[in-house]
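Working notes for the structure below.
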Amino acid sequence: MTVRTRFAPSPTGYLHIGGARTALFCWLYARHHGGQFILRIEDTDRERSTQAAVQAILDGMQWLDLKHDQGPFYQTHRFERYRQVAQQLLTAGHAYHCYCSKEELEQMRAEQLARKQKPRYDGRCRNHSIPRAGVQPVIRFKNPLTGQTVVNDLVRGQVVYDNSELDDLIIARSDGTPTYNFTVVVDDMDMQITHVIRGDDHLNNTPRQINIFSALRAPPPAYAHLPMILGPDGAKLSKRHGAVSVMQYREEGYLPEAVINYLVRLGWSHDDQEIFSRDEMVKYFDIQDVNKSASAINPEKLLWLNQHYIKSADPNTLAPELGWQLGRIGVPVQDPAKLAAVVRAQLERAKTLREMAQASRFFFEEFSDYDPKAADKNLTAESLPALRDIRARLALLNDWSAPAVHSALEAAAAALGLKLGKVAQPVRVAVSGSGVSPPMDVTLEVLGRELSLARLDRAIGWIAAHTAADPELFG
RNA sequence: GCUCCCUUCGUCUAGAGGCCUAGGACGGAGCCCUCUCAAGGCUUAAACACCGGUUCGAAUCCGGUAGGGAGCGCCA
């Protein structure tokens with residue numbers, strides 16, 4: 001029997017971290033066993049489901065490179081099938097019409113709560129359901145009254161429920177549309193799902209679903225309920241911290257490889273390994289190794305992984321993403337050929353591509369002002385000779401390369417009897433406008449001769465103007 | 001309230017009765033390297049929720065307590 005897993009989101013919002021992790025585990029399990037991964041859109045709630053949300057989910061999965069083998073199947077396209085199966089249950093005596101009004105049910109519920117009981121349908125229409133004029137009945141599933149239902153969960157182990165705890169759930173609303181616990185069973189059965197891997201908020205639904213399976217005389221799939229993902233503060237995920245769209249991670253400059261690697265280690269591990277390639281994940285992933293307890297998101301670790309993947313990426317593949325990030329912060333990229341070189345220069349000093357873009361503005365556009373602190377410290381009368389000297393040496397270079405620039409910097413330092421830093425730092429401020437940049441030699445190489453010399457001239461002029469206006473500097 | 005689930009450093013985790021003086025990773029601290037920022041290297045602090053039991057021996061097994069979570073809809 002080939003393994004078939006499914007990811008079954010309801011399209012009421014974007015794909016967030018929790019959903020992505022569920023999708024990843026489903027995908028991994030299928031891949032690990034050479035099986036198939038099915039995407040199913042659970043859109044029976046027509047009020048809340050939107051096409052935009054479907055697209056957002058598809059986009060998110062594509063960005064994370066989680067390809068499904070079949071689907072997407074839409075539950076709204078299968079209403080005829082659900083009607084048919086509901087009828088089958090009715091005929092076989094496993095379901096019945098219930099004419100209770102919503103008000104009646106609400107009252108029942110309130111009374112039970114008042115008596116400190118678990119709210120549940122008391123089955124008053126189960127044996128004598130009396131049609132009421134003008135009332136369209138719902139269909140309820142006849143849950144077994146006695147005995148136990150055992151869920152052999154692949155991550156939780158054996159979980160036993162008394163059937164007396166379960167009530168007769170509605171499988172079709174009065175307007176004829178089917179409900180969640182029913183459509184899931186029909187779909188998992190029809191789509192021959194072998195392993196249901198989902199969030200553990202569904203654990204309590206599982207015995208009901210198993211009972212429907214038996215009424216349908218179909219074998220239930222194996223179940224694996226994944227622990228929740230919590231926000232960094234250990235509280236439930238919220239939009240403030242993590243329950244954001246996975247696409248927002250792209251916008252913030254994360255690589256999909258980093259997000260996937262982060263997610264796979266949330267609730268799963270393989271010895272002490274932290275970094276996993278796709279192939280390694282597929283090879284090692286097993287549901288047995290999934291943890292039972294919820295895990296909190298650790299943004300620092302995600303950042304660390306992201307930096308790891310930035311460092312080890314091919315600069316050429318990152319170049320377009322950096323270009324995109326620069327565009328997002330309003331920096332025009334006239335020379336896309338420069339992007340890969342900038343990536344190479346910044347690889348080790350950016351945790352996200354957005355950070356990289358912010359730190360790389362000066363490569364692509366003129367800065368308006370020097371960073372005041374950096375200028376105060378480095379663009380001074382004292383540094384003027386060094387700047388003039390290095391400017392002259394650089395102008396003479398016929399090989400504008402990092403090693404050549406480096407030699408020039410060293411020569412200038414030696415000639416003036418200064419440490420390298422005393423020459424390099426003023427140059428850094430002159431060409432980048434700030435006190436932080438990649439090493440001077442590669443920065444100048446990437447910047448190019450023309451821009452480098454122009455910015456040195458600008459700085460020399462700036463110092464002249466500012467020191468002249470400030471006699472104190474001459475003591 | 002009822003049912004079900006969970007509990008190892010701040011966080012992610014290793015650990016299936018002796019290999020545990022509890023290992024790794026992120027983050028923290030310190031040192032080294034260094035033209036800035038990083039990256040890198042080395043060092044270091046930091047945890048078995050609690051109480052009882054079983055056992056020669058328990059982070060590991062059992063029971064209870066406490067804390068946290070989920071579910072209980074004509075939502076999914």
Side-chain angles (χ1 to χ4, degrees), chain A residues 8-12 42-45 47-49 75 98 100-102 105-106 109 112-121 136-140 151 153 156-157 159-162 164-167 169-175 177 179-181 183-184 199-207 225 227-228 230 232 234-236 262 265-275 291-305 307 311 346-351 359 374 378 406 409-410 413 419-429 432 434-441 443:
Chain A
S10 61
T12 54
E42 309 215 325
D43 54 352
T44 54
D45 183 352
E47 305 272 297
R48 296 196 297 156
S49 302
Q75 292 190 320
C98 168
C100 296
S101 66
K102 288 185 187 180
L105 295 173
E106 255 165 56
R109 199 185 142 77
Q112 286 164 332
L113 249 17
R115 266 180 270 134
K116 303 196 173 201
Q117 287 174 344
K118 185 180 192 169
R120 54 205 297 284
Y121 182 63
Q136 280 299 313
V138 299
I139 301 175
R140 284 186 186 272
V151 180
D153 193 272
R156 296 299 155 107
V159 184
V160 180
Y161 293 85
D162 281 334
S164 58
E165 289 295 334
L166 279 18
D167 63 357
L169 67 153
I170 291 172
I171 59 174
R173 304 181 180 97
S174 41
D175 66 1
T177 58
T179 60
Y180 169 76
N181 278 111
T183 56
V184 165
D200 75 0
D201 46 336
H202 290 294
L203 183 58
N204 287 318
N205 286 324
T206 308
H225 287 93
M228 286 192 73
L230 274 18
K236 209 196 242 174
Y262 181 71
R265 284 285 290 99
L266 227 42
W268 176 82
S269 62
H270 177 73
D271 298 329
D272 285 339
Q273 191 166 341
E274 295 288 348
I275 307 289
N291 281 163
K292 295 173 194 217
S293 49
S295 35
I297 286 183
N298 182 344
E300 280 78 34
K301 188 158 181 182
L302 208 209
L303 242 16
W304 172 73
L305 276 165
Q307 180 163 43
K311 275 190 299 183
Q346 299 281 33
L347 230 38
E348 285 176 353
R349 58 206 94 238
K351 290 191 191 303
N378 296 289
H406 190 79
L409 285 164
E410 281 186 326
K419 283 170 66 170
L420 190 54
K422 286 284 179 196
V423 178
Q425 199 56 14
V427 174
R428 171 166 288 114
V429 179
S432 76
S434 82
V436 177
S437 86
M440 253 9 274
D441 48 3
T443 299

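Just so we're on the same page: letters track the sequence lines, and every chain starts at 1. The figures here come from the full heavy-atom set of this structure, side chains too, leaving out hydrogens, waters and symmetry mates.
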### Query
With respect to the side chain of A:E300, which nucleotide from B:G73, B:C26, B:U36 is positioned closest?
B:C26

### Task
Name the closest nucleotide to the A:Y161 side chain, picking from B:C4, B:G69, B:C35.
B:C4

### Message
Is the phosphate of B:U36 approached by A:S437 (side-chain N or O, under 4.0 Å from OP1 or OP2)?
### Response
no

### Message
Taking any heavy-atom pair under 4.0 Å as a contact, classify A:S10: base, sugar-phosphate, or nothing.
### Response
sugar-phosphate

### Message
By nearest atom, which of the nucleotides B:G23, B:C74, B:U13 is closest to the A:D272 side chain?
### Response
B:G23

### Message
Only pairs with both distances under 3.5 Å count, Watson-Crick or wobble alike; so what is the partner of B:G17 in this structure?
### Response
none

### Side chains of A:P227 and A:S293 in contact at under 4.5 Å (non-hydrogen atoms)
no

### Flag side-chain contact, heavy atom, 4.5 Å: A:L420 against A:M440
no

### Query
Using a cut-off of 4.0 Å on non-hydrogen atoms, how would the nucleic acid contact of A:Q346 be classed: base, sugar-phosphate, or nothing?
nothing

### Task
Return the nucleotide paired to B:C2: Watson-Crick means purine N1 to pyrimidine N3 with N6-O4 or O6-N4, wobble means G-U with N1-O2 and O6-N3, both under 3.5 Å.
B:G71

### Whole-Å gap separating P (B:A39) and CG (A:L303)
11 Å

#### Entry: Nearest-angstrom distance, C1' atom, B:A49 to B:C6
12 Å

### Task
State which of B:U36, B:C26, B:C74 makes the closest approach to the side chain of A:V138.
B:C74

### Task
Assign A:D167 to base, sugar-phosphate, or nothing according to its heavy-atom contacts below 4.0 angstrom with the strands shown.
nothing

### A:Q112 vs B:G1: side-chain N/O to OP1/OP2 distance below 4.0 Å
no

### Message
Let's see if you can work this out: which of B:A76, B:A25, B:A38 has an atom nearest to the side-chain heavy atoms of A:K301?
### Response
B:A25

### Message
Tell me the interatomic distance from A:L169, atom CG, to B:G73, atom P, rounded to whole angstroms.
### Response
10 Å

### Message
Tell me the interatomic distance from A:N291, atom CG, to B:U11, atom C1', rounded to whole angstroms.
### Response
14 Å

### Message
Do A:H225 and A:T206 make a side-chain contact, defined as non-hydrogen atoms from C-beta onward lying under 4.5 Å apart?
### Response
yes

### Same-atom distance (C1') from B:C51 to B:A66, integer angstrom
10 Å

### Message
Rounding to an integer number of angstrom, what distance separates B:C20 and B:U8 when you compare their C1' atoms?
### Response
12 Å

### Task
Determine the interatomic distance between P on B:G10 and the same-named atom on B:C48; round to the nearest Å.
9 Å

### Query
For A:P227, which contact category applies under a 4.0 Å heavy-atom criterion: base, sugar-phosphate, or nothing?
nothing

## Note on the structure
A:D201 CG to B:G69 P, in whole Å, measures 15 Å

### Query
NA contact type, A:K311, heavy-atom cut-off 4.0 Å: base, sugar-phosphate, or nothing?
sugar-phosphate

### Query
Considering only B:C35, B:U13, B:C74, which nucleotide approaches the side chain of A:S174 most closely?
B:C74

### Query
Across the strands shown, which category fits A:Y262 at heavy-atom distances under 4.0 angstrom: base, sugar-phosphate, nothing?
nothing

### Task
Using atom CZ of A:R48 as one end and atom P of B:A76 as the other, report the distance to the nearest whole Å.
7 Å

### Query
If you look at every strand shown and take non-hydrogen atoms under 4.0 Å, does A:R265 touch a base, only sugar-phosphate, or nothing?
base

## Note on the structure
Using Watson-Crick geometry (N1-N3 plus N6-O4 or O6-N4) or G-U wobble (N1-O2, O6-N3), each under 3.5 Å, B:G57 is paired with none

### Message
When you measure from the side-chain N and O atoms of A:K351 to the phosphate of B:A38, is any distance below 4.0 Å, counting only OP1 and OP2?
### Response
no

### Query
For A:V159, which contact category applies under a 4.0 Å heavy-atom criterion: base, sugar-phosphate, or nothing?
sugar-phosphate

## Note on the structure
In Watson-Crick or G-U wobble terms, with both distances under 3.5 Å, the base opposite B:A39 is none

#### Entry: Exercise: do A:R428 and A:Q425 side chains pair donor with acceptor under 3.5 Å
yes

### Query
Which value, in whole Å, describes the distance between the P atoms of nucleotides B:G17 and B:U60?
12 Å

### Whole-Å gap separating C1' (B:G27) and CG (A:L305)
13 Å

### Message
Closest-nucleotide mapping onto RNA chain B: is A:E348 or A:L113 further toward the 5' terminus? I mean the 5' end.
### Response
A:L113

### Distance, rounded to the nearest Å, where A:N204 contributes CG and B:C2 contributes P
15 Å

### Query
Hey, does A:L266 reach any base, or is it just sugar-phosphate, or nothing, if we go heavy atoms under 4.0 Å?
sugar-phosphate

### Task
Please give the nucleotide sitting opposite B:A49 as a Watson-Crick or G-U wobble pair, both distances under 3.5 Å, or none.
B:U65

### Task
Compare the minimum distances between each of B:A25, B:A14, B:G73 and the side chain of A:W304, then state the nucleotide with the smallest one.
B:A25

### Message
Need one value for A:K102: base, sugar-phosphate or nothing, where a base atom within 4.0 Å counts as base even if backbone is also close, heavy atoms only.
### Response
base

### Message
Given B:G24, B:U3, B:A76, identify the nucleotide with an atom nearest to the side chain of A:K118.
### Response
B:U3

### Query
What does A:Q117 touch in the nucleic acid at a heavy-atom separation under 4.0 angstrom: a base, only the sugar-phosphate, or nothing?
base

### Task
Spell out, as yes or no, whether a donor-acceptor pair under 3.5 Å connects the side chain of A:S269 to the backbone of A:R265.
no

### Query
Are A:I297 and A:Y262 side-chain neighbours, meaning at least one heavy-atom pair lies under 4.5 Å?
yes

### Query
Could you give the NZ-to-C1' distance, from A:K292 to B:U8, as a whole number of Å?
15 Å

### Query
Now, which nucleotide makes the Watson-Crick or G-U wobble pair with B:U11, with each of the two distances under 3.5 Å?
B:A25

### Task
Answer yes if the side chains of A:Y161 and A:N204 hold a donor-acceptor pair under 3.5 Å, and no otherwise.
yes

### Task
For B:C50 and B:A76, measure between their C1' atoms and round to the nearest Å.
38 Å

### Message
Just to be sure I understand the rule, does A:D162 reach a base, reach only the sugar-phosphate, or reach nothing, if contact means heavy atoms closer than 4.0 Å?
### Response
nothing

### Query
Roughly how far apart are A:Q112 CD and A:R120 CZ, rounded to 0.5 Å?
7.5 Å

#### Entry: Close side-chain approach of A:Y180 and A:D45, heavy atoms under 4.5 Å
no

### Query
Hey, does A:G267 reach any base, or is it just sugar-phosphate, or nothing, if we go heavy atoms under 4.0 Å?
sugar-phosphate

### Query
Where each residue is assigned the nucleotide of RNA chain B containing its nearest heavy atom, which of A:R428 and A:V160 is assigned the position nearer the 5′ end?
A:V160

### Query
What nucleic acid atoms does A:T44 come within less than 4.0 Å of, heavy atoms only: base, sugar-phosphate, or nothing?
sugar-phosphate

### Query
How far, in whole Å, is B:G18 from B:C61 if one measures between their C1' atoms?
15 Å

### Message
Could you tell me how far B:A45 sits from B:G24 if I compare only their P atoms? Round to whole Å.
### Response
11 Å

### Query
Would you say B:U36 has OP1 or OP2 under 4.0 Å from some side-chain N or O of A:S434?
no

### Message
Measuring only between side-chain heavy atoms, which start at C-beta, is A:I275 closer than 4.5 Å to A:L305?
### Response
yes

